Amino acid sequence: MLIHNSETRRKEQFHPRDEGKVALYVCGITAYDVCHIGHARAAVVFDVLVRYLRAKGYKVTFVRNFTDVDDKIINRAAEENRSSEEVAEDYMRAFSRDMDKLGVLRADFEPCATEYIPQMQDLIQKLLDTGHAYSTSGGNVYFRVRSFPDYGHLSGRDVEELKAGTRIDPSEEKEDPLDFALWKQAKAKEPSWPSPWGPGRPGWHIECSAMSQNILGLPFDIHGGGQDLIFPHHENERAQSMAASGGPFVNYWMHNGYVQVESEKMSKSLGNFVTVQDVFQRHLPEVLRFFLLGKHYRSPLDFTWPAMRDAEKSLKRIYQARSNLHLAVEESKGKDTPLPDELYEEARQLMSESRGNLDDDLNTAACIGSVFSLIRVSNRILENKGWRNSQHGAGLLREIQEHIRSVGLILGVFHNDPQSFLDELRRFKAEQMGLDLEKVESLVRERGEARQSKDFSRADALRDQLAEMGVTLQDGPQGTVWDVE
RNA sequence: GGCGGCAUAGCCAAGCGGUAAGGCAGAGGUCUGCAAAACCUCCAUUCUCCGGUUCGAAUCCGGAUGCCGCCUCCA
């Protein structure tokens, strides 16, 4: 498999540290607010990575942490007049609830920073012992950036240039403005832990160094996160870990691109935050997941409501096709008309292509494209009665059916029972439109009776009435079904 | 100011040197009492612009323009 390594800025062939196993660490959230769609993208992207690696047969150990002690949590707690533990717990729960809805699998380890205080302290001590860190009279410990010559390599930054741009905060006791905190002295009413340097709490970056090293060992295979974490978080993490161990830290760095809203970065000041819950009000969670996978994970992704509607229609098309496929396979009769060879070739080509897309740096967008092409082939077979009912045709259709489902299980979309999905979508939308289901059903029934007695003008009038409510009708051999929009 | 990314049809989007995937919208058609849904077919001689390398470039190189991001907390 090819993976784009942020450190080398190139795609590289993936070779795991241990044959058949993958050690993966992804930065999770700081638990101080509800998830927005950017969090969702990061989570979904790495969830697909995990699912794909497992489908390829790797034994994956996946770690995704929670930052549960941090300035932002402390501030939030102060605002809400409760403890930072409570705040963190609330938002960790909210995260898990949102991720479950999005079909993001739980990580094998979901450690909280506060569970690793002793390990962080050990690491800090080691950095002090080797001269990579220093403690101050105020009870702070800082990492000495100048002591690590490779600093800046991951993010492509030059230490001299960085220095030129820094501001010096006189309240800090740093030797150098680039130095960053490993341990922060406790202030009143803040959570703190005893330490050799006085009571305090860990700096932001040290938790990931401590947790990844303790759970996965060094160096581990893949470290992931959002693009914005490259600097300073991952740069600092890398510096600490490598300075302390004297060896390599991570073999492949993967970073997902931003989600933008109307072509702008989401930010509190612009007031354009879209939370996962906002989206769930208007669309099924699977639609959001499908939308997020519609573009390559490293590119910026622009969120808009019309784009969500398109995603919903596309997803519906796949489920519709799967539903048609399902019916055909069930009722195939088993006469024997051979299919043209080109059909087999095209279908098999597309099936291997869609897998290959994922192997190429997780190109989910291209993979979904291949699935749509495959659906076209499958529909063409379905349309031809001779092919559809032949043993050969049914065999190929079954192959396609299984393939689409297996790709769906990796992507975590369009893998549910098609009829259940279509029903759920219809129910969801009807509810949103505030439809009176009783009324709809009775009008549909009434129209059915009118049709039965060939009173087509009355039937059509009733259909128009329903159309005004946003209900469309589909007359089929088994009677009339209705849908919305 | 320093660093990085992006620019492909009305919209979204893949493409990584071999002659433009796919989705939405649109147009025809099959089906239907009429519809709808579903399905089929069609829909970029061309990839922001200008040069260059090459037998061959959306893809590589140089330049221009325009957007976005990072350099401070951030997925």
Side-chain angles (χ1 to χ4, degrees), chain A residues 2 6 9-11 26-30 32-33 35-46 70-72 75 152 155-158 160-162 164-167 169 204 224-233 235 255-260 263-268 290-291 294-296 298-302 304 306-307 309-318 320-321 323-324 350 353 357 360-361 363-376 378-380 382-384 422 451 454-457 459-460 463-464 466-467 471-477 480-483:
Chain A
L2 291 173
S6 310
R9 291 165 191 80
R10 298 157 56 140
K11 279 190 208 171
V26 176
C27 285
I29 56 151
T30 298
Y32 76 107
D33 206 345
C35 286
H36 59 242
I37 51 182
H39 296 115
R41 185 181 196 191
V44 166
V45 162
F46 289 103
D70 170 270
D71 289 348
K72 290 191 291 290
N75 293 341
S155 57
R157 266 155 239 259
D158 182 88
E160 294 309 318
E161 279 165 8
L162 278 173
T166 50
R167 298 177 295 243
D169 182 344
W204 177 32
Q227 222 155 52
D228 50 334
L229 295 179
I230 295 176
F231 190 90
H233 183 54
E235 191 68 70
H255 292 96
N256 65 278
Y258 278 108
V259 177
Q260 305 182 317
S263 304
E264 297 270 358
K265 184 184 171 178
M266 281 193 289
S267 73
K268 294 249 151 104
F290 184 80
F291 170 75
K295 193 163 182 189
H296 185 89
R298 278 188 283 115
S299 307
L301 171 63
D302 200 24
T304 61
R309 243 193 323 272
D310 284 357
E312 183 178 279
K313 285 182 183 169
S314 302
L315 183 60
K316 193 175 171 189
R317 177 167 153 86
I318 298 180
Q320 189 64 245
S323 172
N324 295 343
L350 286 165
E353 196 177 292
N357 292 140
D360 183 8
D361 196 29
N363 194 340
T364 53
C367 176
I368 290 169
S370 303
V371 168
F372 275 110
S373 303
L374 188 60
I375 282 172
R376 254 145 81 150
S378 140
N379 281 336
R380 245 184 289 146
L382 251 33
E383 280 301 294
N384 183 312
L422 294 168
R451 279 185 79 217
K454 306 273 186 219
D455 184 358
F456 293 122
S457 63
D460 290 350
R463 185 170 61 197
D464 291 345
L466 283 158
V471 175
T472 58
L473 299 175
Q474 297 150 31
D475 298 325
T480 299
V481 294
W482 61 271
D483 201 352

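Only a predicted model underlies this, so the values are computations on that prediction, with no experimental measurement involved. Each chain gets a letter, A, B and so on, in the order the sequences are listed, and its residues count up from 1.
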Specify the separation, in whole Å, of atom [atom1] of [X] and atom [atom2] of [N].
{"X": "His296(A)", "N": "rG5(B)", "atom1": "NE2", "atom2": "P", "result": "14 Å"}
{"X": "Arg376(A)", "N": "rC39(B)", "atom1": "CZ", "atom2": "P", "result": "11 Å"}
{"X": "Gln227(A)", "N": "rG69(B)", "atom1": "CD", "atom2": "C1'", "result": "8 Å"}

For [N], take OP1 and OP2 only and decide whether either is under 4.0 Å from a side-chain N or O of [X].
{"X": "Tyr258(A)", "N": "rG5(B)", "answer": "no"}
{"X": "Asn324(A)", "N": "rA38(B)", "answer": "no"}
{"X": "Lys313(A)", "N": "rC24(B)", "answer": "no"}
{"X": "Arg309(A)", "N": "rA25(B)", "answer": "no"}

Minimum-distance nucleotide to [X] side chain [options: [options]]:
{"X": "Asp310(A)", "options": "rU41(B), rC34(B), rC24(B)", "answer": "rC24(B)"}
{"X": "Thr472(A)", "options": "rA36(B), rC68(B), rA35(B)", "answer": "rA36(B)"}
{"X": "His39(A)", "options": "rA14(B), rA38(B), rA75(B)", "answer": "rA75(B)"}

Side-chain donor/acceptor contact of Lys265(A) with base of rC68(B) under 3.5 Å: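 Result: no qualifying N/O pair found.
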Base of rC34(B) paired with side chain of Arg463(A) (donor-acceptor, under 3.5 Å): yes
